[in-house]
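Report on the following structure.
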Amino acid sequence: MKAKKIIMAVSCCFSVFCLVSCNLNDDDNSNTGLSQGEIQTAFNTVKNIHLGKLIYTPTGSNKNDTLSITWDINTDSTMTIHNFPVSSLADNIGSDYSDIKTALEKEGTIDLNCNISFYNLNPVAFHINPIYPSLDLSYGGAVHKIQIIFHHLWNSFGVYSNSNNGRLQMQLIETGFYVDQKEYHELSSYMGFWFGIESIK
């Protein structure tokens with residue numbers, strides 16, 4: 001089951017999630033349980049540009065795909081993941097939407113912008129709220145706006161710990177997509193499609 005394929009070092013940090021309330025705003029750091037000074041300390045620990053790898057398991061495969069990727073944590077509330085491969089977002093779209101799947105597979109890469117909220121200092125941990133990427137895709141004789149939907153807050157997060165060789169690890173879970181901003185379709189897997197991201201030291 002894809003939900004069990006979370007990076008082991010990150011999964012060990014799940015117990016941290018019970019420390020503070022999930023009553024968070026999507027676009028700022030209010031109500032995180034950290035003071036503004038602690039938020040700044042957490043941000044200073046992980047800010048700047050990171051080089052790493054995107055990890056996911058293609059549908060029907062028992063082996064992970066690994067792609068080089070970069071991201072930067074711009075402020076204490078924003079992060080951008082660069083060169084995110086759109087084709088990977090198509091991987092778990094079912095055969096009922098083969099035209100959308102094929103159109104996505106032909107796309108290149110995007111910058112995935114995210115809002116973040118720091119909620120723990122040791123280890124540094126933050127919730128991730130991806131801003132749904134929107135793509136204009138041509139299929140079926142027309143152009144359609146497709147928005148990819150991710151879990152956010154408790155299901156999408158990042159953890160940095162010196163005890164883990166100073167690596168920053170994150171997970172994102174894709175759950176579905178909108179067509180023309182009105183039709184929502186879930187992925188074929190109830191648990192969503194898991195992406196792991198791990199920095200290289």
Side-chain angles (χ1 to χ4, degrees), residues 5-14 16-17 24-30 32 34-58 64-91 104 107-135 147-174 193-201:
K5 294 178 179 177
I6 297 171
I7 300 170
M8 290 187 64
V10 176
S11 64
C12 292
C13 297
F14 268 113
V16 176
F17 297 171
L24 304 173
N25 291 331
D26 288 346
D27 57 357
D28 62 34
N29 281 301
S30 61
T32 64
L34 298 181
S35 68
Q36 189 57 48
E38 290 172 325
I39 290 170
Q40 191 63 37
T41 297
F43 166 62
N44 288 335
T45 302
V46 298
K47 69 179 180 180
N48 297 323
I49 298 173
H50 297 265
L51 171 66
K53 52 190 178 182
L54 174 73
I55 307 163
Y56 70 101
T57 306
N64 290 337
D65 263 5
T66 302
L67 304 170
S68 295
I69 200 167
T70 63
W71 65 96
D72 57 89
I73 299 178
N74 316 295
T75 71
D76 64 11
S77 62
T78 59
M79 175 178 69
T80 302
I81 302 172
H82 300 287
N83 298 319
F84 198 103
V86 174
S87 59
S88 66
L89 297 172
D91 195 82
L104 283 171
E107 293 293 305
T109 61
I110 59 171
D111 283 352
L112 182 60
N113 295 311
C114 307
N115 293 317
I116 62 174
S117 294
F118 289 97
Y119 68 93
N120 203 72
L121 192 55
N122 186 23
V124 171
F126 54 93
H127 300 300
I128 304 172
N129 182 10
I131 299 171
Y132 305 150
S134 179
L135 302 109
Q147 290 176 288
I148 305 298
I149 310 302
F150 292 87
H151 272 308
H152 63 285
L153 295 182
W154 292 102
N155 292 299
S156 294
F157 60 89
V159 177
Y160 173 90
S161 174
N162 285 324
S163 63
N164 188 32
N165 298 316
R167 284 190 172 90
L168 172 61
Q169 296 171 304
M170 303 184 289
Q171 78 164 28
L172 301 174
I173 299 180
E174 178 192 11
F193 191 52
W194 175 83
F195 294 92
I197 300 175
E198 182 177 57
S199 63
I200 298 173
K201 295 295 289 184

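The side chain to side chain contact (heavy atoms under 4.5 Å, CB included) search around Thr70 returns Leu51, His82, not counting sequence neighbours. Legend: residues meeting side-chain hydrogen bond (donor to acceptor under 3.5 Å, both in side chains) with Gln40, ordered by chain and number and at least two apart, are Asn44. Residues meeting the salt bridge (charged side-chain N to carboxylate O under 4.0 Å, His left out) test with Lys53, sequence neighbours left out: Glu198. Remark: Ile131 engages Asn113, Asn115 in a side chain to side chain contact (heavy atoms under 4.5 Å, CB included) (not counting sequence neighbours). With sequence neighbours excluded, the residues that form a ring-ring contact (aromatic ring centres under 6.0 Å, His included) with Phe84 are Phe195.
Of all heavy-atom pairs between Gly158 and Ile128, the closest is N-CD1, 3.9 Å. Of all the heavy atoms in Phe118 and Phe43, the pair that sits closest is CZ-CA, 3.7 Å. When all heavy atoms of Ile116 and Ile73 are compared, the closest pair comes out as CD1-CG2, 3.8 Å. Heavy-atom minimum distance, Thr45 versus Thr41: OG1-O, 2.9 Å. The shortest non-hydrogen separation linking His151 to Pro130 is O-CD, 3.9 Å. The two atoms that bring Ile110 and Pro133 nearest to each other are CD1-CB, 3.5 Å, heavy atoms only.
For the atom pair Ile197 CD1 and Leu112 CG, the distance stands at 8.0 Å (nearest 0.5 Å). Of the inter-residue distances, the one linking Asn129 atom CG with Met79 atom CE reads 10.0 Å to the nearest 0.5 angstrom. Atoms NE2 and OG, on His127 and Ser156 in that order, are 10.5 Å from each other to the nearest 0.5 Å. Atom CZ of Phe150 is separated from atom CG of Asn155 by 13.0 Å, given to the nearest 0.5 angstrom. Note: Phe157 CZ to Ile173 CD1 = 7.5 Å, rounded to the nearest 0.5 Å. Residue Asn83 holds its CG atom at 11.5 Å from OG1 of Thr80, rounded to the nearest 0.5 Å.
The side-chain heavy atoms of Asp76 and Gln36, taken from C-beta on, include a pair separated by under 4.5 Å. Between Met170 and Leu172 the shortest side-chain heavy-atom distance does not fall below 4.5 Å. Side-chain atoms of Leu54 and Ile81, non-hydrogen and from C-beta on, never get closer than 4.5 Å to each other.
Between His50 and Trp71, the ring-plane angle classifies as parallel under the 30° and 60° cut-offs.
Of the possible polar contacts, none joining the Ser161 side chain to the Pro123 backbone as a donor-acceptor pair under 3.5 Å is found.
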For this session: Apply the test side-chain contact (heavy atoms from CB on, under 4.5 Å) to residues Asp65 and Asp91: give CA-CA distance (whole Å), side-chain angles for both, the deciding distance (0.1 Å), then the verdict.
Result: CA-CA 11 Å; Asp65 263 5; Asp91 195 82; over 6 Å; no
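Residue pairs meeting the salt bridge (charged side-chain N to carboxylate O under 4.0 Å, His left out) criterion with at least one member in residues 111-134: none, sequence neighbours excluded.
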